[in-house]
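Read the structure below first, then the notes.
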Amino acid sequence: MLCRLFFILFFTFPSLQAQDYDIVVAADGSGDYTKLQKAFMAVPDFRKKPTTIFLKPGTYKEKLVLPTSKTNVHLIAENAGETIVTYDDFASKENKFGEEMGTTGSTSFFVFGDGFQAKNITFENSAGPVGQAVAVRIDGDKVIFENCRFLGFQDTLYPHGRDSRQYYKNCYIEGGTDFIFGWSTAVFEDCEIYSKDGGHYITAASTEKEAEHGFVFLNCKLTGDAPKESVYLGRPWRDYAQTVFINTEMGDHIKKEGWNNWSKPEAEKTAFYAEYNSTGPGANVEGRVSWSKQLSEEEAQKYSPENILKGDDNWQPTFKK
């Protein structure tokens, strides 16, 4: 009886789920738009309430910009493995004027709007191992990614905004060199960070001197196909870089010394690189560089998403439809 009821509901109301959203994007033409950029531009400017966009399964090859005026956009799909947003520019590629695009210009998806949220989506730069090629650059504040994948090689994920707070929950991020880099305050919780063969650095933070936090990884797993002891946890793009790993399982691809000074000895006095309760073959407390820090239990307890991201407005990073 229950099976028969499910059959009737499923086939009688096949678009019931899509009808729960403000806008539906479908590559096959079954939604309101076939292009995601057009859906973004249809959102009213500076809307205070969420505008929900349902992205149906498919591959969307678009170079995307979510403008500053498109606030509180929530982009939701059913399955990250079947819903892919991709483009293939790279830093040394020339534009129509014969100029190199540069790292920022290589970006597949620019997120400038505050309050952006994404769930169950793959974001990719498919240019391959050709140097810097950004999948997503985020400047907006109070941004959340849940159950998302970020695919690329060098410079995959660019938390760029200096005043931007970002929260990544249950995400998968892969790359080779400096594949999580930038100025923002970003928390990565329950994420898998995958180092590809040929790369040597996971993070390259450029935290501002006045910032309380940079990149914080909570209960994550560091995996990859990079050779044994070939990958650093991070290096300081700017002198006051901050990166912290707490309760993180580290594969054997992580170097014993853990951190690199990017040939800037002076940065050893200003950067803040720390760990607490690292586990796995890549965890090596005694072998870490002397200028990194092992947090006490009391210090580590202060690193909760709520404390790190609350700011002056007491923001709580909760995914909402």
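In this chain, numbering begins with 1 at the start of the sequence shown.
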* Verify the distance criterion only: is there a donor paired with an acceptor across the side chains of Thr270 and Asp239 at less than 3.5 Å? => no
* In Å and rounded to the nearest 0.5 Å, what is the OH to NE2 distance from Tyr303 to His213? -> 6.0 Å
* **Asp163, CG atom: more than 12 neighbouring heavy atoms under 6.0 Å** => no
* To do: For salt bridge (Lys or Arg N to Asp or Glu O under 4.0 Å), just list the numbers for Asp190 and Lys221, CA-CA rounded to whole Å, side-chain angles, deciding distance to a tenth of an Å, and then say yes or no.
  => CA-CA 8 Å; Asp190 300 322; Lys221 290 184 178 181; over 6 Å; no
* Structure fact -> When every non-hydrogen atom of Thr156 is compared with those of Gly175, the smallest separation belongs to OG1-CA, 3.8 Å
* What's the spacing between Arg235 CZ and Asn260 CG if we round to 0.5 Å? -> 7.0 Å
* Minimum side-chain heavy-atom gap Arg165-Ile138 below 4.5 Å -> no
* Out of curiosity, Tyr33 OH to Lys35 NZ, how far, rounded to the nearest 0.5 Å? -> 14.5 Å
* Asked: Hey, what do you get for CD1 (Ile254) to CD1 (Ile193), rounding to the nearest 0.5 Å?
  -> 10.5 Å
* **Nearest heavy atoms of Trp259 and Glu275, plus distance in Å** => NE1-OE2, 3.7 Å
* Do Ile23 and Thr52 have side chains that get closer than 4.5 Å, going by heavy atoms? -> no
* Asked: Less than 4.5 Å apart, any side-chain heavy atom of Val187 and any of Leu309?
  -> yes
* Any luck finding a side-chain donor-acceptor pair between Glu268 and Asn261 under 3.5 Å? -> yes
* For the hydrophobic clusters of this structure (ILVMFWY residues joined by side-chain heavy atoms under 4.5 Å, transitively), does one cluster hold both Leu218 and Ile144? -> yes
* Asked: Is the number of heavy atoms from other residues, nucleotides or ligands under 6.0 Å of Glu94 CD greater than 12?
  -> yes
* Check whether any side-chain heavy atom of His253 lies under 4.5 Å from a side-chain heavy atom of Tyr194, and answer yes or no. => no
* **Joint cluster assignment, Tyr201 & Tyr273, ILVMFWY side-chain distance < 4.5 Å** => no
* Minimum side-chain heavy-atom gap Tyr60-Leu55 below 4.5 Å -> yes
* Asked: Do you know which two heavy atoms are closest between Thr51 and Arg47, and how far apart they sit?
  -> OG1-NH1, 3.0 Å
* Structure fact -> Shortest non-hydrogen pair, Arg288 vs Met250, comes out as NH2-SD, 3.5 Å
* Structure fact -> With sequence neighbours left out, the residues meeting side chain to side chain contact (heavy atoms under 4.5 Å, CB included) with Ala274 are Val244, Phe272, Lys293, Leu295
* To do: Over all heavy atoms of both residues, which pair between Phe40 and Ile53 is shortest? Give the atoms and the distance, please.
  => CD2-CD1, 3.9 Å
* May I ask you to decide if Gly161's main-chain N or O and Ser184's side chain share a donor-acceptor pair within less than 3.5 Å? => yes
* Structure fact -> The remaining residues in the hydrophobic cluster of Ile84, counting side-chain heavy-atom contacts under 4.5 Å among Ile, Leu, Val, Met, Phe, Trp and Tyr, are none
* What pair of heavy atoms forms the shortest contact from Arg238 to Ser206, and how long is it? -> CG-CB, 3.2 Å
* Strictly by modelled atom types, are Asn79 and Asn120 linked by a side-chain donor-acceptor pair under 3.5 Å? -> no
* **Distance-only donor-acceptor check, side chains Tyr167 and Glu189, under 3.5 Å** => yes
* Asked: Partners of Tyr276 by side-chain hydrogen bond (donor to acceptor under 3.5 Å, both in side chains), sequence neighbours excluded?
  -> none
* To do: Please confirm whether the backbone N or O of Gln37 pairs with a side-chain atom of Glu62, one donor and one acceptor, at under 3.5 Å?
  => yes
* Asked: Tyr168 and Gln166: side-chain donor and acceptor closer than 3.5 Å?
  -> yes
* salt bridge (Lys or Arg N to Asp or Glu O under 4.0 Å) assessment of Lys38 paired with Asp32 -> CA-CA 10 Å; Lys38 288 187 176 181; Asp32 301 305; over 6 Å; no
* To do: Report the distance from atom CG of Asp252 to atom CG of Asn284, rounding to the nearest 0.5 Å.
  => 12.5 Å
* **Main-chain N/O of Gly140 paired with Ser164 side-chain donor or acceptor, under 3.5 Å** => yes
Distance-only criterion, 3.5 Å: show the donor-acceptor pairs between side-chain atoms of residues 222-232 and protein atoms not counting sequence neighbours.
unit_1	atom_1	unit_2	atom_2	d
Thr223	OG1	Glu192	OE2	2.7
Asp225	OD1	Asp197	N	2.7
Ser230	OG	Pro227	O	2.6

* Asked: Do any pairs count as a salt bridge (Lys or Arg N to Asp or Glu O under 4.0 Å) and have a residue in residues 128-137, sequence neighbours left out, and if so which ones?
  -> Arg137-Asp139
* Asked: Do Glu174 and Tyr172 have side-chain atoms, one donor and one acceptor, less than 3.5 Å apart?
  -> yes
Please tabulate, for side-chain N and O atoms in residues 106-115, each donor-acceptor pair with protein atoms closer than 3.5 Å (sequence neighbours left out).
unit_1	atom_1	unit_2	atom_2	d
Ser106	OG	Thr103	O	2.6
Ser106	OG	Val134	N	3.0
Thr107	OG1	Thr104	O	2.7
Ser108	OG	Tyr87	O	3.4
Ser108	OG	Glu124	O	3.2
Asp114	OD1	Asp141	N	2.8

* Would one find more than 12 heavy atoms of other residues, nucleotides or ligands at under 6.0 Å from atom CD of Glu212? -> no
* Asked: What class does the angle between the rings of Phe217 and Phe245 fall in, given that below 30° is parallel, 30 to 60° is tilted and above 60° is perpendicular?
  -> parallel
* Asked: Within a strict 4.5 Å, meaning less than it, do heavy atoms of the Met41 and Lys70 side chains meet?
  -> yes
* Side-chain contact test, heavy atoms from C-beta onward, threshold under 4.5 Å: evaluate it for Arg149 versus Leu151 and give yes or no. => yes
* Any chance you could lay out the side-chain hydrogen bond (donor to acceptor under 3.5 Å, both in side chains) test for Thr83 and Lys56, step after step, and finish with the verdict? => CA-CA 7 Å; Thr83 314; Lys56 286 192 173 184; over 6 Å; no
* Asked: Atom CG of Leu36 and atom CG of Leu64: how far apart are they, to the nearest 0.5 Å?
  -> 5.0 Å
* Look at the aromatic rings of Phe181 and Tyr158 and report parallel, tilted or perpendicular, splitting at 30° and 60°. => parallel
* If the plane angle is over 60° it's perpendicular, under 30° parallel, otherwise tilted; pick one for Phe215 and Phe188. => perpendicular
* Residue pair Phe153 / Thr177, side-chain heavy-atom distance below 4.5 Å -> no
* Sidechain N-carboxylate O distance under 4.0 Å for Glu146, Lys169 -> no
